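Quick caveat: nothing in here was measured; it's all calculated off a predicted structure. The chain is numbered in sequence order, starting from 1.
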Amino acid sequence: MEPIFEMEMKVRDYECDLQGIVNNANYQHYYEHTRHEFLTQHGISFARLHDDGIDFVVARLEMAFRSPLRSGDTFVSELALEQEGIKYVFRQKIYKMPERKVCNSARFDCVVVEHGQLCRSRMFDDFVKQVNKKTL
């Protein structure tokens with residue numbers, strides 16, 4: 001799948017472990033920040049949704065670590081989005097810059113829970129179709 005959104009970030013010192021590389025949990029933070037920025041730029045507010053009883057949540061995630069990031073490294077986090085039944089699948093990658101070397105790749109299966117019940121969301125169904133018609 002082709003990416004539909006990307007953003008550049010920089011590794012901060014406190015995100016690294018004793019080995020001097022980014023701690024594995026921080027990749028999930030980078031990916032989450034990317035998804036939130038993507039949705040925010042498209043007018044979707046998690047706070048507003050939650051206030052309306054709708055939560056968009058991660059149901060499953062897989063990550064593959066390929067090459068470590070270190071303090072001060074600049075990287076690009078990108079995502080693609082598709083729908084598989086009731087799941088909204090974000091396929092995401094992190095590239096170290098400037099060489100654009102793949103550091104990590106991930107798949108996040110997200111679902112919608114409305115007033116405590118797992119459900120299909122017409123809004124998110126339409127959103128996936130809409131954003132996939134556009135390019136970066």
Side-chain angles (χ1 to χ4, degrees):
M1 270 198 93
E2 289 295 317
I4 57 173
F5 180 79
E6 69 178 31
M7 63 183 296
E8 190 172 289
M9 292 183 256
K10 187 173 182 178
V11 175
R12 297 162 289 212
D13 294 340
Y14 68 84
E15 296 169 332
C16 298
D17 58 24
L18 289 174
Q19 298 169 322
I21 60 176
V22 170
N23 180 277
N24 58 23
N26 286 310
Y27 288 91
Q28 188 170 349
H29 293 283
Y30 299 152
Y31 286 132
E32 185 165 342
H33 183 60
T34 304
R35 287 192 311 277
H36 282 234
E37 284 296 314
F38 167 70
L39 294 170
T40 298
Q41 286 187 19
H42 286 87
I44 296 174
S45 163
F46 282 105
R48 206 171 327 121
L49 287 172
H50 179 74
D51 289 345
D52 292 339
I54 301 167
D55 293 303
F56 189 66
V57 298
V58 173
R60 178 185 170 101
L61 99 95
E62 298 172 11
M63 277 197 285
F65 298 89
R66 301 175 192 271
S67 180
L69 287 169
R70 299 182 183 280
S71 181
D73 284 347
T74 301
F75 62 94
V76 167
S77 177
E78 70 176 26
L79 66 77
L81 174 60
E82 64 185 331
Q83 187 171 353
E84 291 180 2
I86 199 167
K87 296 182 293 192
Y88 304 94
V89 179
F90 288 88
R91 296 186 188 275
Q92 296 183 249
K93 285 187 181 174
I94 289 175
Y95 298 91
K96 181 180 176 187
M97 300 306 281
E99 60 269 43
R100 202 164 173 87
K101 181 178 184 179
V102 176
C103 295
N104 191 288
S105 59
R107 174 187 165 127
F108 289 82
D109 293 350
C110 299
V111 295
V112 174
V113 177
E114 189 168 346
H115 302 290
Q117 297 293 319
L118 181 65
C119 68
R120 182 135 194 176
S121 169
R122 169 75 64 175
M123 181 193 79
F124 279 107
D125 290 358
D126 292 344
F127 175 71
V128 171
K129 290 174 189 167
Q130 173 197 351
V131 297
N132 280 316
K133 290 180 183 178
K134 299 177 183 178
T135 60
L136 285 174

D51 atom CG, over 12 foreign heavy atoms within 6.0 Å: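 Enclosed: over 12 neighbouring heavy atoms sit under 6.0 Å from CG of D51.
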Within-4.5 Å side-chain heavy-atom neighbours: [X] and [Y]:
{"X": "E6", "Y": "Y95", "value": "no"}
{"X": "L69", "Y": "K96", "value": "yes"}
{"X": "I94", "Y": "M9", "value": "no"}
{"X": "L81", "Y": "F38", "value": "yes"}
{"X": "V111", "Y": "V57", "value": "yes"}
{"X": "H33", "Y": "M7", "value": "yes"}

R122 and E114 ion-paired at < 4.0 Å: no
SB check E84 R60 (cutoff 4.0 Å):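 No, E84 and R60 are not salt-bridged.
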Would you compute the distance between atom [atom1] of [X] and atom [atom2] of [Y] and round it to the nearest 0.5 angstrom?
{"X": "D109", "Y": "E62", "atom1": "CG", "atom2": "CD", "answer": "7.0 Å"}
{"X": "C16", "Y": "R70", "atom1": "SG", "atom2": "CZ", "answer": "8.5 Å"}
{"X": "M97", "Y": "E99", "atom1": "CE", "atom2": "CD", "answer": "8.0 Å"}
{"X": "F65", "Y": "C103", "atom1": "CZ", "atom2": "SG", "answer": "11.0 Å"}
{"X": "C110", "Y": "D55", "atom1": "SG", "atom2": "CG", "answer": "12.0 Å"}

Hphob cluster co-occupancy, L79 + V128, side-chain heavy atoms under 4.5 angstrom: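 Looking at the clustering, V128 is in the same group as L79.
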Co-membership, hydrophobic cluster, residues I44 and F5, 4.5 Å side-chain: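 Result: yes, single cluster for both.
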Check: Q83 side chain, G85 main-chain N or O, donor-acceptor pair, under 3.5 Å: yes
Sequence neighbours excluded, every pair satisfying side-chain hydrogen bond (donor to acceptor under 3.5 Å, both in side chains) that has a member inside residues 19-30: E15-Y30
Closest contact, heavy atoms only, [X] versus [Y]:
{"X": "E2", "Y": "A80", "answer": "O-CB, 3.5 Å"}
{"X": "I86", "Y": "R120", "answer": "CD1-N, 4.0 Å"}
{"X": "S71", "Y": "V11", "answer": "CA-CG1, 3.7 Å"}
{"X": "V102", "Y": "S67", "answer": "O-CB, 3.7 Å"}

Ring centres under 6.0 angstrom apart (H50, F46):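 H50 vs F46: aromatic centres not under 6.0 Å.
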side-chain contact (heavy atoms from CB on, under 4.5 Å) evaluation trace for V58 with F90: CA-CA 10 Å; V58 173; F90 288 88; over 6 Å; no
Summary of ring pair (Phe, Tyr, Trp, His ring centres under 6.0 Å) pairs that have at least one residue in residues 106-126, sequence neighbours excluded: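 Non-adjacent pairs meeting ring pair (Phe, Tyr, Trp, His ring centres under 6.0 Å): Y31-F108, F56-F124, Y88-F124.
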Trace of the side-chain contact (heavy atoms from CB on, under 4.5 Å) decision for L49 with M123: CA-CA 11 Å; L49 287 172; M123 181 193 79; 4.0 Å; yes
